[in-house]
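First comes the structure, then the notes that go with it.
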Amino acid sequence: MSIMRVRWGPQHPVSGQWAFWLDVDGDIVVNMEPDIGYTHRGIEKVAENRTYIQNVPVVERTSVFDAGNIVFGYVQAVEELMGIEIPERAKYIRTIVGEMSRIVSHLYGLGLLAIAVGFETMLMWFINDRELFLDLFEMLTGARITYSFFIPGGVLHDLPQGFYDEAMRRLDYFERRLKDYWKMFFLNRTFITRTRGVGVLKREDAIRLGVVGPNLRASGVEADVRKDEPYAAYDQIDFIIPTEKEGDAYARGGVRFHELEQSVSIIRQALKKIPDGKIRVKVPITPTPPKGEAYSRVETARGEIGYYIISDGSNRPYRVKISAPSFRNLLAMPFLSRNVPMADIPTIYLSLDLIPLDVDR
Amino acid sequence: MVFSWIVSILRPLGMAFRHIFKYRFTVKYPYYVLETSERYRGRPVLDLAKCVGCGVCATICPNKAITMVNVEDRRYPQFDAGRCCFCGFCAYFCLTSALKMNGGYELSEYDKSNLIYPPEKLVKVPPPPPERKKVVKLKKLSLSTGVTHG
Amino acid sequence: MNIETIIESLVALFINRPFIEMLIKVLIFPGLMFPLLFVVFAVWFERKLLAKVHLRIGPLHVGPGPLGGIFQLIADALKLLQKEIIVPYNAHKILYNILPLAMPMISLAAMAFIPVAPFPSVGPVDYLVVFYTPYNILVVLALFAIHPFLVIGVGWASGSKYTTMGALRAAYQLLAYEVPVMLSAACVVMVTGSFDLIKIVESQANIWYILLLPIAFLVFFVSMMAELGRRPFDIPHAEQEIVYGWATEFTGVHYVCVMFAEYVNLCVASCLVTLLFLGGWLGPVLPPAAWFLIKFGIVVVFFLMGRGVYPRLRIDQLLNAGWRILIPLALIQIFIILVLAKFAPWILPVTFVGG
Ligand code: SF4
Ligand code: SF4
C-alpha cells in the first residue's frame, strides 16, 4: 500500500492547537512533521513594549498551566539586572508557589497522558484534586490560574491567616490520595500494557536532542535546575530528584508522579521553615535597570525555562528571549514517532507533556 | 505472577465502584456558589473619596484597561472589563488604597459598551449572590467519603 | 353480510388471546419497545454511572429529579433527525446512505430471536420471544456476525482517511473476535446438547453455567465486549487517534442509526450473556421476567464499567489477546468439558451425547 498523508490536527480530539503531518503506511507512522504556530502571540515582542512590572502577566501567558514557575525565571532575571537581593521570606513564599504550581501542572499533564490512551477517569480524578491547590492559590494570590504573584523585588502578598493549617490539611489528604492513584492507574494492567515500551528515549538520544525536565529524568539523567543551580530557597530544602531508567511513556508518567510526592514534601518543609521578615524590597513602579543583560533559568513542570533579558537603560526591556521547555522537548517528538503504530502517537505526544502555547509563545 | 496480573486488572474495577459513592468537588454552580477568598481578584471597585487622581493605576495596568477621565475637573480612573486580565496590579499599587479588588466575578454583559465602567459605575460594589444561590465552601476532606461542601 | 357480522369477525380476528400475546411480544417485550427504552435508559445510565466514577455529577436537567438527563437522548435524536445529511465529496453515495440505515435493522432482527422469559399464562408454557426457532442461538450469532461487513462497507464508503483506518481496524478486531465468541458459545451448546436458548436456560436449573464453565464465561464476556467495541476495546472508534473511526463522517439521521445500532447490540449481547451463563429468567420468588431484567441490568453495568476503569488497548495487543489468550482458553474449556463428560458425567446437566 502506498503511503498516506494524514493531517492530525488542529481540529482533532487530542491534537491541541497545532497539527502533525503523519505519513502513514497502513497503521504504522513512518514519518511525522509538527506544524506549529497556531498559537503564536508574539509574547517576546509584546514584552519589549511594556515596562518590567507590566510584563509579568504577559510572560505568564507563555504557559498558563504552570503560571507560577514561568514567571519565576522572568522576575529573577529582572532582579539580576537591577542587582537586588530579595528577602528570605519572599524566597520561601516563591518556593511554595512554585511547587504548588508544579503539582497543578503535573496533575494536568498526567491527566492528559491518560486521555491519550483513552482513560478519562484518571483525568477527572486529577482535575478533581487539582481543585485543592487552586483553592489554596486563591487564598494566597487571589487568582486560581494566572497568579501574577511574583514581581521584581519579591511577592505581592504575605501568607494569609490560616494558610498553614489549610495547606497542611489539604496536603495530608492529597498525599493519601496519591496512593490511590498509584493503585488505580500506575498498577492498572491495561495502562501498563499501553504505555510500557512506547516512545523509548534512550539516555544518549535524550541528551543529544536536548530534552529537558521530567522527560530527561525519565531517561536516567539526573538533571534538575533546582539541584544543579539552586535558586530561591531550594538550597535549604531537602528533596530528591526522581529518575527512571526506561525512558518510555510509563517512565515519564512515573517521574511526574514521584515529583508530585517530592513537591508535597517540599511545600511541607518550606511552610515549617519559613522565616519572618519582609516579603518585598522597595522597587519603583516603573523600574529602570541599568544597561546590561541577564540570564536566568528555573525548573518548570515541563523542564528548564531560560530567560535572556537585555536592558538598554530605559524602563522597557530591549529584548526578552524565552527558551521554553516544550519547544526543546518538541525535538524528541518526530524522532520518537518513526515506525510506531498510529495508536502510539497521542501517547508519545502527551507523555512528553508538550503544550502548543509554550512552543509558539 | 498470574495472581498479580489478576489483581492489577480487578483492583481498579473495585476502586471505581467504591468511588461511585463518594462526594465530589463539583458545585452545582448556578444554584450553589463557591465562597471566594478575601483576596479574590474580581472587578476593581473605586472609592471616590480616597482617590487623588494620581494615575498610577493607569500607568501600571498592563492591558491599558484603565484610562483617566475627567469628572467635574477631577481625574478619575475609568475601567474596561473587556481588556482587564485581573492581575490586580492597579489595586496593589494604588497609593491611597482607593482602588480595591472585589470578589464579584459575574461580569458578562449583553452589550459591549456596558463593559466600560466610568468612575460613577466603578464605585458600585457588585451585588452579593441572590438569595436563591447558596454560598458554600469546602468543609470536610476525607479519604473514605470524599469532599463535602457546606 | 351486514356491518355487525363484519365487526364481529374483526373482533374475533383481533381480540383474541394469541393475537394480543403476539402484539405484546412484537411491540412491547422483548420486541420493539424493550430495545428502544433500553437505548434511552442505557445512554442516560452510562453518562450518569461514568460521571459518578469520574467524580463528576453528570446530567442534571431534562428529566425529573435524580433522573435528570433521561430525556436528553430523545431531544438529541429529534434534533439530529432535523439536521441536513452531509454526504462527503469522496463518498460512495448509495452505500453511504444505505448501510447506516441497515445497521439498526439487523440489530433489531437479532433481538427478535431472543427468548426472555416464559409468558405469564395459565395454559401450556409459552415464551416471550418474537420468533421462535430451535436454533435461535445460531441465528443470533449469525446476525451479529453481519456487523463487521457493514462497518467495513461504511468506513470505505465514507471516503475519508480516518474512516478508512477505522474500518480496517474494525475488520481486524471484529473478525478476530468472532472465533472466541463462537467457541465459548459452543461450550455451552456442547454441555446442553441443544441450540435452543430456552433449553439452555432450563438446563441451568441446578447450576448456572458461570459456575460450571467459568472460563467460557470469561472468554465470552471479553470477546463480546470487543465485538461491541466498548472501552478497553473501542479501537475502531478510538477518538484520540482517528477522530471517531469509521463513523467520523456521519451526521444527522445516519449518526442516530449508527449509535442506535451500537446500543441495541449492547442489549443483544447482554441478553446473550444472561441467557447463556447466568441462568436467564430462573430464580426464586420474583416473576421470571423480573429475574431476567435484574441479571440483564447487572451485565449491562459491567459492560459499561469498562469505560471508566481501563484505557484502550492497541490493535496489536488486542489481536494478541484474542488469538493467543482467548482462543486457547476456550479450547481448554472444551477439553475440560470432554474430560468431565468422560470421568464425571453427573456434573453435567444432560447426558453427554458422545460420553
Ligand atoms: S485609584 Fe488609586 S492609583 Fe488610581 S488614580 Fe485613584 S488614587 Fe491614583
Ligand atoms: S486588574 Fe490588571 S489588567 Fe485589570 S485594570 Fe487592574 S491592572 Fe489593569
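Each chain gets a letter, A, B and so on, in the order the sequences are listed, and its residues count up from 1.
- Remark: side-chain polar atoms of A:Glu131 are not paired, donor with acceptor, to backbone N or O of B:Thr26 under 3.5 angstrom.
- In this structure, chain B has heavy atoms under 4.5 Å from both the backbone and the side chain of A:Arg170.
- Looking at every heavy atom in both residues, A:Ser148 comes nearest to B:Phe89 through O-CE2, 3.7 Å.
- Within the 4.5 Å cutoff, no side-chain heavy atoms of B:Tyr40 are placed close to those of A:Thr141.
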Trace of the side chain to side chain contact (heavy atoms under 4.5 Å, CB included) decision for B:Val7 with A:Lys183: CA-CA 10 Å; B:Val7 165; A:Lys183 280 188 210 145; over 6 Å; no
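- Counting non-hydrogen atoms of neighbouring residues, nucleotides and ligands closer than 6.0 angstrom, the OH atom of B:Tyr105 exceeds 12 such neighbours.
- The two residues B:Cys61 and A:Gln54 come nearest to each other via the heavy atoms O-NE2, 3.1 Å.
- Heavy atoms of other residues, nucleotides or ligands lying less than 6.0 angstrom from NZ of B:Lys28 number 12 at most.
- By the 30° and 60° cut-offs, the orientation of the rings of B:Tyr92 relative to A:His157 is perpendicular.
- In plain terms, the two heavy atoms of A:Asp180 and B:His19 that are nearest each other are OD2-CE1, 4.1 Å.
- Proximity to chain A (any heavy atom under 4.5 Å) is restricted, for B:Val56, to the side chain, taken from C-beta onward.
- In this structure, CE on A:Met139 lies 12.5 Å from OG1 on B:Thr36, to the nearest 0.5 angstrom.
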Derivation of the side chain to side chain contact (heavy atoms under 4.5 Å, CB included) call for A:Arg61 and B:Cys85: CA-CA 11 Å; A:Arg61 263 62 179 179; B:Cys85 71; 3.7 Å; yes
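- Across every non-hydrogen atom of B:Arg39 and A:Glu138, the tightest pair is CB-O, 4.4 Å.
- The contact between A:Arg50 and chain B is made entirely by side chain atoms (from C-beta outward), counting heavy-atom distances below 4.5 Å.
- Summarising the geometry of B:Ile9 relative to A:Arg189, their closest heavy-atom pair is CG1-CB, 3.6 Å, with the distance given to 0.1 Å.
- The choice from A:Ile127, A:Leu140, A:Thr146, A:Thr51 that makes the most heavy-atom pairs within less than 4.5 Å of chain B is A:Leu140.
- Atom OH of A:Tyr181 sits about 10.0 Å away from atom CE of B:Met15, to the nearest 0.5 Å.
- Counting heavy-atom pairs closer than 4.5 Å to chain B, the top-ranked of the candidates A:Thr286, A:Leu156, A:Ile192, A:Leu187 is A:Leu156.
- Neither the backbone nor the side chain of A:Val46 comes within contact range of chain B, judged by heavy atoms closer than 4.5 Å.
- The CZ atom of A:Phe186 sits 14.5 Å away from atom OG of B:Ser8, with the distance rounded to the nearest 0.5 Å.
- Contacts of A:Asn55 with chain B are absent, with no heavy-atom separation under 4.5 Å from either backbone or side chain.
- Proximity to chain B is absent for every atom of A:Phe149, based on heavy atoms less than 4.5 angstrom apart.
- To the nearest 0.5 angstrom, B:Leu13 atom CG is 8.5 Å from A:Met184 atom CE.
- In this structure, A:Gln161 CD and B:Glu38 CD are separated by 9.0 Å, a value rounded to the nearest 0.5 Å.
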